[in-house]
Novice: 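Encoded as structure tokens, here's the structure I'll be asking about.
Each chain gets a letter, A, B and so on, in the order the sequences are listed, and its residues count up from 1.
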Number of protein chains: 2
Amino acid sequence: MNPIGNLNKIFESRIRLGVMSVLMVNVNEEVSFNDLKELLEVTDGNLASHLSTLEENAYIKVHKGFIGRKTNTTYSITKAGEKAFKGHLAALEAMIKFNQ
Amino acid sequence: MNPIGNLNKIFESRIRLGVMSVLMVNVNEEVSFNDLKELLEVTDGNLASHLSTLEENAYIKVHKGFIGRKTNTTYSITKAGEKAFKGHLAALEAMIKFNQ
DNA sequence: TAAAAGCACTTTGTGCATCAAAGTTATATT
DNA sequence: AATATAACTTTGATGCACAAAGTGCTTTTA
């Protein structure tokens with residue numbers, strides 16, 4: 001059986017993988033654009049484009065708010081995102097087990 | 001700490017990941033070009049190019065031989081390849097654990 | 001014995017993705 | 001008034017994945 005058939009194309013990018021991982025860990029907290037940027041050590045433009053890919057796939061949700069009058073954008077994982085990410089991790093785990 | 005800092009760029013391709021996985025499992029057997037092609041369900045040209053990337057990085061070794069007079073090419077993982085792949089799997093595992 | 005098929009590629013070409021850098025708009029700080 | 005921060009968008013370069021077609025050699029089949 002094809003060992004890579006269940007991997008999710010969207011999660012082949014390290015940055016998208018990292019975003020999902022961070023959002024998964026912090027399910028109950030708001031994670032801001034800047035948190036992600038610092039955690040993953042990426043340029044803001046690059047991060048923004050990966051975030052929009054994840055959003056287009058409905059794997060994450062964006063909350064645009066304010067702190068006072070200053071914009072504050074936070075991100076969270078969706079149900080679909082959780083499911084997709086868990087599926088991908090399961091596929092990776094299966095591959096890893098295969099190798100032990 | 002950056003959750004994706006230890007991932008190996010070479011293994012972001014599903015096909016290269018699959019090749020390494022197959023070669024890791026079958027350390028003691030010869031794995032032919034055609035075995036890989038059928039296991040991973042890829043076109044031969046595509047497979048060839050990924051194999052050559054892995055070879056350039058010294059992660060796999062090629063054995064060109066014959067069965068009778070017909071060419072027979074097989075592949076195996078190198079020590080460096082094993083090390084790199086295990087490192088990548090460890091990084092993935094760390095990320096997965098982070099998520100449980 | 002001619003045609004078809006298999007092996008293991010290489011070449012070519014398209015389209016997409018990654019990424020950095022610079023630009024943008026609005027607010028905040030000094 | 002000048003600089004900085006937030007959260008992007010735009011631009012542009014580079015590279016990658018992939019399919020398809022071509023290649024040279026051998027084997028099988030009609």
Novice: Which part of the nucleic acid, if any, lies within contact of A/Y75, taking any heavy atom under 4.0 Å across all strands shown: a base, the sugar-phosphate backbone alone, or nothing?
Specialist: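 Counting heavy atoms under 4.0 Å across all strands, the contact made by A/Y75 is with sugar-phosphate only.
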
Novice: Tell me which pairs pass salt bridge (charged side-chain N to carboxylate O under 4.0 Å, His left out) where either residue lies in residues 26-37 of chain A, with sequence neighbours left out.
Specialist: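 Sorted pair list comes back empty.
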
Novice: Using a 4.0 Å cut-off on heavy atoms, which residues in residues 43-50 of chain B reach DNA chain C? List them by number, or say none.
Specialist: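 Under 4.0 Å from DNA chain C: B/D44, B/G45, B/A48.
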
Novice: Could you list all the salt bridge (charged side-chain N to carboxylate O under 4.0 Å, His left out) pairs where at least one residue sits in residues 85-100 of chain B, not counting sequence neighbours?
Specialist: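 The answer is B/E82-B/K86.
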
Novice: For A/L7, check side-chain contact (heavy atoms from CB on, under 4.5 Å) against everything at least two apart and list the hits.
Specialist: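 Result, side-chain contact (heavy atoms from CB on, under 4.5 Å) vs A/L7: A/I4, A/H88, A/A91, A/L92, B/R14, B/L17.
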
Novice: Assess the residue pair B/H50 and B/V19 against the criterion (side chain to side chain contact (heavy atoms under 4.5 Å, CB included)); give the C-alpha distance rounded to whole Å, side-chain angles, the decisive distance to 0.1 Å, and a yes or no.
Specialist: CA-CA 9 Å; B/H50 285 294; B/V19 168; 5.6 Å; no

Novice: Mind checking salt bridge (charged side-chain N to carboxylate O under 4.0 Å, His left out) for A/K83 and listing every partner two or more places apart, or none if nothing turns up?
Specialist: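 In terms of salt bridge (charged side-chain N to carboxylate O under 4.0 Å, His left out), with neighbours along the sequence ignored, A/K83 is linked to no residue.
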
Novice: Let me spell it out: for each of B/T74 and A/T71, pick the nucleotide of DNA chain C with the closest heavy atom. Which residue's pick is nearer the 5' end?
Specialist: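 Final value for this comparison: B/T74.
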
Novice: Write down the atom of B/F33, the atom of B/L47, and the distance for their closest heavy-atom approach.
Specialist: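 Looks like O-CD2, 3.6 Å.
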
Novice: In a table with atom names and distances, give each donor-acceptor pair under 3.5 Å that connects a side chain of residues 61-72 of chain B to protein atoms at least two apart or in another chain.
Specialist:
unit_1	atom_1	unit_2	atom_2	d
B/H63	NE2	B/S76	OG	2.9

Novice: So, using side-chain contact (heavy atoms from CB on, under 4.5 Å) as the criterion, who are the partners of B/A84 when residues are at least two apart?
Specialist: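 B/A84 satisfies side-chain contact (heavy atoms from CB on, under 4.5 Å) with B/N8, B/F11, B/Y59 only.
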
Novice: Do other residues, nucleotides or ligands put more than 12 heavy atoms under 6.0 Å from the CG atom of B/N6?
Specialist: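 Count not over threshold, so no.
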
Novice: Each nucleotide N or O in nucleotides 27-30 of chain D that has a protein N or O under 3.5 Å away: list the pair and distance.
Specialist:
unit_1	atom_1	unit_2	atom_2	d
D/dT27	OP1	B/R69	N	3.3

Novice: I'd like the 5' and 3' limits of the part of DNA chain C contacted by chain A, with heavy-atom contacts below 4.0 Å.
Specialist: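 Range of nucleotides touched by chain A: C/dT18 to C/dA28.
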
Novice: Output all residues satisfying side-chain contact (heavy atoms from CB on, under 4.5 Å) with B/T53, sequence neighbours left out; order by chain, then residue number.
Specialist: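 B/T53 satisfies side-chain contact (heavy atoms from CB on, under 4.5 Å) with B/R16, B/N57 only.
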
Novice: With sequence neighbours excluded, tell me which residues meet salt bridge (charged side-chain N to carboxylate O under 4.0 Å, His left out) with A/E38.
Specialist: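 If we apply the salt bridge (charged side-chain N to carboxylate O under 4.0 Å, His left out) test to A/E38, skipping adjacent residues, there are no hits.
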
Novice: With a 4.0 Å heavy-atom cut-off, tell me which residues in residues 5-42 of chain A come close to DNA chain C, sorted by residue number.
Specialist: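 Residues of residues 5-42 of chain A under 4.0 Å from DNA chain C: A/S13, A/I15, A/R16.
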
